[in-house]
Amino acid sequence: MISEKFLKLKRKILNEVAENFSRVDEISEINTLKVLNAMRELKISDAHFKTSTGYAYGDIGREKLDELFAKIFKAESALVRTQFVSGTHALATVLFGILRPNDELISVTGEPYDTMQTVIGWKNPARGSLKEFGVNYKEVALRNGKVDLNAVKNSVTAKTKIALIQRSRGYSLRDPLNISDIEKICATIKSVNPNCVTFIDNCYGEFVETAEPIEVGADICAGSLIKNIGGGLAPTGGYIVGKNDLVELSSYRLTAPGMGNELGASLGTPRLLYQGLFLAPHVTAQAIKAAIFAAGIFSNLGYNTRPLPNDTRSDIIQAIELKSEEKLIAFCRTIQNFSPVDSFATPEAWDMPGYEDKVIMAAGTFVQGASIELSADAPIREPYTVFLQGGLTFEHAAIAILNAAAILGAKSC
Ligand SMILES: *Cc1c(COP(=O)(O)O)cnc(C)c1O
């Protein structure tokens with residue numbers, strides 16, 4: 001039971017963020033129309049939801065879904081598959097598909113997401129990494145948390161094959177890139193080397209704004225279907241969208257040279273991918289409202305939050321500095337406790353492969369690890385920042401967040 005004090009706080013915060021919520025609703029309406037129109041134009045029908053088996057040659061559901069993603073992202077082609085085991089797999093498929101020995105990859109958004117560092121293999125030597133295949137790697141450090149365009153200009157050369165640009169903050173405290181940042185970064189890269197492939201790690205960014213990276217100069221993007229774009233229904237998978245030749249090269253890495261996008265059984269999932277895509281603008285808006293609400297409640301209680309409640313959002317992640325290990329653990333346990341699945345489980349901090357500090361994770365989700373569902377993660381280190389994301393419905397997220405607030409109380413106590 002939430003006390004009257006916290007119900008009052010909830011009303012106060014909802015009042016304070018009302019304008020931001022309307023902005024989120026407007027974006028969701030525009031993106032819903034974008035998805036709806038694409039589905040109407042491509043005449044999506046029941047026939048596309050049929051399951052396929054074996055090689056699945058001529059699977060019209062698979063082919064149409066690729067077309068649909070391409071249309072929505074304004075890309076030449078797309079590769080949307082449950083055969084991608086995760087977002088990292090889709091991103092790695094692009095890198096391994098395009099890069100050849102002695103090519104140069106550059107990350108212009110500082111250190112990439114942890115799992116991508118393993119794929120690249122320069123910081124954490126890993127078997128099977130790009131490094132083992134002789135791909136060279138450079139990183140442009142952020143400057144005051146922002147992409148350093150001058151340094152990008154000086155670091156990209158005629159030899160640079162791919163520039164990796166991470167849209168979301170991931171689990172760092174830097175700001176996510178908005179679409180106009182991405183436009184400037186791509187233009188800067190192309191001004192030095194027009195042939196350098198601008199590649200966006202689009203995880204957590206889809207449908208947060210009304211335009212997507214391909215529209216502002218990105219050549220190729222990839223992401224996960226169990227984040228924004230799967231709408232909470234996609235059971236697994238990833239996607240790649242971009243220029244024809246680049247998506248084709250990636251397809252030979254996903255399957256095999258000569259096979260590319262022509263094989264891949266759908267195994268009963270097509271409707272969930274279509275229906276999830278249809279819901280995705282709305283579900284993403286629910287998650288953003290959850291993030292805004294959490295920022296509102298916890299800043300009111302005296303905690304530092306990034307972004308601030310009324311900041312414009314460019315991804316669905318909310319960071320909250322909880323300042324103590326006990327509070328951090330209590331926060332994650334409360335989110336878990338107010339989850340529809342595994343509410344009885346007690347998250348513990350553990351040594352996760354690839355991370356320096358212990359990590360605690362709360363995820364009582366229908367789809368294992370789906371971070372479009374309400375979830376919270378944190379490395380156990382100062383200032384004990386928790387990263388909260390997702391929420392299929394705002395109502396659920398608000399209940400969990402308010403309960404966490406009631407348990408943690410104000411920063412000083
Ligand atoms: C989630 C995420 C990924 C991919 O993670 P998976 O768990 O493999 O889907 C990559 N980059 C960023 C920025 C992410 O947020």
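Ligands are counted one by one from 1 in listed order, and the atoms in each one are counted from 1 as well. Note that the structure is a prediction, hence the values are computed from the model and not measured. Position 1 is the first residue of the sequence, and the numbers go up from there.
The side-chain contact (heavy atoms from CB on, under 4.5 Å) test with S168 singles out one residue from I317, N202, D201, N228, and that residue is I317. Residue F199 forms a side-chain contact (heavy atoms from CB on, under 4.5 Å) with just one option from I165, L105, L95, and that option is L95.
Salt bridge present: D175 and K146 bring a charged side-chain N and a carboxylate O closer than 4.0 Å. Using a cutoff of 4.0 Å between basic side-chain nitrogens and carboxylate oxygens, K227 and E206 are not scored as salt-bridged.
Polar contact check, H89 against ligand 1: no nitrogen or oxygen pair lies under 3.5 Å apart. The shortest N or O to N or O distance between G87 and ligand 1 is below 3.5 Å. Between T88 and ligand 1, at least one pair of N/O atoms sits closer than 3.5 Å. By the 3.5 Å distance cut-off applied to N or O atoms, Y204 is not counted among the residues near ligand 1. Below 3.5 Å of separation, one finds an N or O of D201 facing an N or O of ligand 1.
Atom CG of L164 is separated from atom CD1 of I220 by 12.0 Å, given to the nearest 0.5 angstrom. The CD atom of E209 sits 7.0 Å away from the CD1 atom of I27 when rounded to the nearest 0.5 Å.
The closest approach between K227 and ligand 1 falls below 4.0 Å for a heavy atom of the residue. At least one heavy atom of L91 sits less than 4.0 Å from an atom of ligand 1.
Within the cation-pi definition used here (under 6.0 Å to the ring centroid, within 45° of the axis), K161 does not qualify as a partner of F133.
Heavy-atom proximity to S86, at under 4.0 Å, picks out these atoms of ligand 1: 8 (O), 9 (O). With ligand atoms numbered from 1 in the order given, ligand 1 contributes 13 (C) to contacts under 4.0 Å with heavy atoms of Q166.
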